[in-house]
Student: 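I have a structure I would like to understand better, so I am pasting it below and will then ask my questions one at a time.
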Number of protein chains: 2
Amino acid sequence: MPQDDLNVGVLMFVAYRAMEKRVLDAVVAAGFDDITLAQARVFQRIGPGGTRLVELAEQAQVTKQTAGFLVDQLERAGYVERVADPGDARAKLVRIAARGRAAARIAAGAVAEVEAEWAAHLGARRMAQLGEALTRLRQITDPFA
Amino acid sequence: MPQDDLNVGVLMFVAYRAMEKRVLDAVVAAGFDDITLAQARVFQRIGPGGTRLVELAEQAQVTKQTAGFLVDQLERAGYVERVADPGDARAKLVRIAARGRAAARIAAGAVAEVEAEWAAHLGARRMAQLGEALTRLRQITDPFA
DNA sequence: CCTTGAAAGTCAGAATCTCTGACTAATATG
DNA sequence: CATATTAGTCAGAGATTCTGACTTTCAAGG
């Protein structure tokens, strides 16, 4: 798949990486300079009530060992904590800790900023269509949603 | 940026990775089983007439050293070749070799298949809107296009 | 209640990928 | 010609990711 006539997948790669970079840069600039891209990819998928490691692994598209490795680092840096999962003694929930919440606030702001820029460039209508198409696409591309 | 209300960036990540996996699986299944994901990401950005290493690096979003490392492997495996760039003696063009062309054909087929599935799921209209929005977005997210 | 298979997580080890820094050769500028 | 920039490489280190094996717990069936 070499080429100039970029396919939809590559186009998404380009935009996705641009967003990712902007957000990470903002987080790092805000003083959370010990977080890495790989860690952020896992971190961003943690739900409000905490998320199991296996689930994080699936969503970040890495093995559970890799996810565990990254969560170890996030935990050591104080971004997340592991708590027992009530209802399943095998599992633990990875939850966002105080420092993680602070970083997440910065990240959310950066996301909003980038989305606003995109909306300004595309126009509200096309931006809405983009979001809708991607959300629908998730039904057949996201192994869990 | 933790959450459930996935932002547009994450939505693109999900779909992009789904496409990437499908394509790589197809290529590997076709017998090109020594190619890796990282190599494929560089390979797919090689243009018809060959592309400079620095350009490949920018487009794949890695450093030129990393791109060089990956091109080394692609070259050793016979997927690409390096030829002198006429017009700039410093530069070399990374070009797709015979084996690479065979792999690229398989990849292109897989891309077409996935795009067809997506179009079927979204409907032709929304699929077209998706492509258009992403292409426009590239104007502000792609450092070169 | 007990057995069996599956699931969640961890440990260990190796391979792969990626980066920073330093360097050479060639080009562009003035 | 002097200087700054660009293309690419070399060397070394760090980060990420994987496969395989293992423990504990859960789920289902008998």
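Chain letters run A, B, ... following the sequence lines, proteins first, then strands; residues in each count from 1.
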Student: Measure from CD on B:Q39 to C1' on C:dT18 and round the result to the nearest Å.
Tutor: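 Computing the B:Q39:CD to C:dT18:C1' distance gives 14 Å.
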
Student: In Å, rounded to the nearest 0.5 Å, how long is the span from CZ of A:R136 to OG1 of A:T141?
Tutor: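 Between atom CZ of A:R136 and atom OG1 of A:T141 there are 13.5 Å.
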
Student: Give the nucleotide from the list D:dC26, C:dT18, D:dA15 with an atom nearest to the side chain of A:R90.
Tutor: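 Looking only at heavy atoms from C-beta outward on A:R90, the closest nucleotide is D:dC26.
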
Student: Compare side-chain N and O positions of B:R82 against OP1 and OP2 of D:dT9 and report whether any pair is under 4.0 Å apart.
Tutor: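 For D:dT9, OP1/OP2 do have a side-chain N/O of B:R82 under 4.0 Å.
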
Student: At less than 4.0 Å, is any side-chain N or O atom of B:T66 found next to OP1 or OP2 of C:dC17? Yes or no.
Tutor: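 No, outside the criterion.
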
Student: Distance from B:I35 atom CD1 to B:R99 atom CZ, nearest 0.5 Å?
Tutor: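 One finds 8.0 Å between CD1 of B:I35 and CZ of B:R99.
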
Student: Whole angstroms only, please: what is the CD-P distance between A:Q73 and C:dT10?
Tutor: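 Going from CD in A:Q73 over to P in C:dT10 covers 14 Å.
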
Student: Distance from A:R52 atom CZ to A:D88 atom CG, nearest 0.5 Å?
Tutor: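 A:R52 CZ to A:D88 CG: 4.5 Å, rounded to 0.5 Å.
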
Student: To the side chain of A:V62, which of D:dA7, D:dT9, D:dT17 is closest?
Tutor: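 Out of D:dA7, D:dT9, D:dT17, the nucleotide with an atom closest to A:V62's side chain is D:dT17.
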
Student: Return whichever of A:G87 or A:A38 has its heavy-atom-nearest nucleotide of DNA chain D closer to the 5' end.
Tutor: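 Taking each residue's closest nucleotide, the earlier one in sequence belongs to A:A38.
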
Student: State whether the distance check finds a donor on one side and an acceptor on the other, under 3.5 Å, for side chain A:Q65 versus base C:dG13.
Tutor: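 No pair found.
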
Student: Is there a donor N/O on one and an acceptor N/O on the other, under 3.5 Å, for the side chain of B:K64 and the base of D:dG8?
Tutor: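 Present.
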
Student: Whole-Å distance between D:dG8 P and B:E58 CD?
Tutor: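 One finds 11 Å between P of D:dG8 and CD of B:E58, rounded.
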
Student: With a non-hydrogen cut-off below 4.0 angstrom, is A:D88 in contact with a base, only sugar-phosphate, or nothing?
Tutor: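 Sugar-phosphate: the residue A:D88, judged by heavy atoms under 4.0 Å, touches backbone atoms but no base.
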
Student: Whole angstrom is fine here: how far is it from CZ in B:F69 over to P in D:dG12?
Tutor: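 B:F69 atom CZ is separated from D:dG12 atom P by 15 Å.
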
Student: Just the rounded figure in Å: distance from P of D:dT17 to CD of B:E20.
Tutor: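 Interatomic distance, CD of B:E20 to P of D:dT17: 12 Å.
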
Student: Indicate the ring-plane relationship of B:F43 and B:Y79, choosing parallel, tilted or perpendicular according to the 30° and 60° boundaries.
Tutor: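 The rings of B:F43 and B:Y79 stand perpendicular, inter-plane angle above 60°.
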
Student: Could you check which of C:dC17, C:dA8, C:dT10 has an atom nearest any side-chain atom of B:L70?
Tutor: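 Among the listed nucleotides, the one closest to the side chain of B:L70 is C:dC17.
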
Student: Using whole Å, report how far CD of B:E55 lies from P of D:dT6.
Tutor: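 One finds 14 Å between P of D:dT6 and CD of B:E55, rounded.
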
Student: Once you round to the nearest 0.5 Å, how far does CG of A:D72 lie from CD of A:Q39?
Tutor: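 Those atoms lie 10.0 Å apart.
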
Student: Take atom CG of A:L53 and atom P of C:dT10, then tell me their distance rounded to the nearest Å.
Tutor: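 About 6 Å, once rounded to whole Å.
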
Student: Could you tell me how far apart A:L74 (CG) and D:dT16 (P) are, to the nearest whole angstrom?
Tutor: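 Nearest whole value for this atom pair: 10 Å.
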
Student: Given that A:T63 and B:A91 both sit by DNA chain D, which one's nearest nucleotide is further toward the 5' end?
Tutor: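 Its nearest nucleotide being more 5', the pick is B:A91.
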
